[in-house]
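Report on the following structure.
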Amino acid sequence: EPDVQKAATPEVAHAGIETHAKANSSFPIIHVGNFEQVSPTLLRGGAPNARALKELKAAGVKTILNLRGDGSASRKEERSAKEIGLDYYN
């Protein structure tokens, strides 16, 4: 389980999860900008692309909550998430 203190460093905020993953080798690399573990059960970050959705699912994520609103990018993200079995709410 990632160390939440390390996840909150400015280095991670700028580099995304890749720096976090290097500091915490048990946590997989997730290619999502501004990614952070808020608590043991809550992750947050920018809009994931199809690759990142697969990485999130492989890391054990079950639900995506989109706070950006409806639009073509959100609808595409929803389709991609549902295709791989993630719950998706917007």
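Positions are given from 1 along the sequence.
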In this structure, NZ of Lys62 is separated from OG1 of Thr41 (nearest 0.5 Å) by 11.0 Å
Yes or no on salt bridge (charged side-chain N to carboxylate O under 4.0 Å, His left out) for Glu55 and Arg51, after CA distance, side-chain angles and deciding distance? CA-CA 6 Å; Glu55 294 168 346; Arg51 173 187 178 186; 3.2 Å; yes
Test item: Ser74 side-chain N/O and Gly69 main-chain N/O as donor-acceptor pair under 3.5 Å: yes
Closest heavy-atom pair, Ser80 versus Leu53, reported as atoms and distance to 0.1 Å, is CB-CD1, 3.6 Å
If you round to the nearest 0.5 Å, how far is CG of Leu56 from OG1 of Thr63? 11.5 Å
About how many Å separate OH of Tyr88 and CZ of Arg75, when rounded to the nearest 0.5 Å? 10.5 Å
Minimum-distance pair of heavy atoms, taken over all atoms of Val61 and Leu86: O-CD2, 3.2 Å
Can you find a pair of side-chain heavy atoms, one from Arg44 and one from Asn34, that are under 4.5 Å apart? yes
Rounded at 0.5 Å granularity, tell me how far NE2 in His31 sits from NZ in Lys54. 14.0 Å
So, do Asn66 and Glu78 sit near enough that their side-chain heavy atoms are less than 4.5 Å apart? no
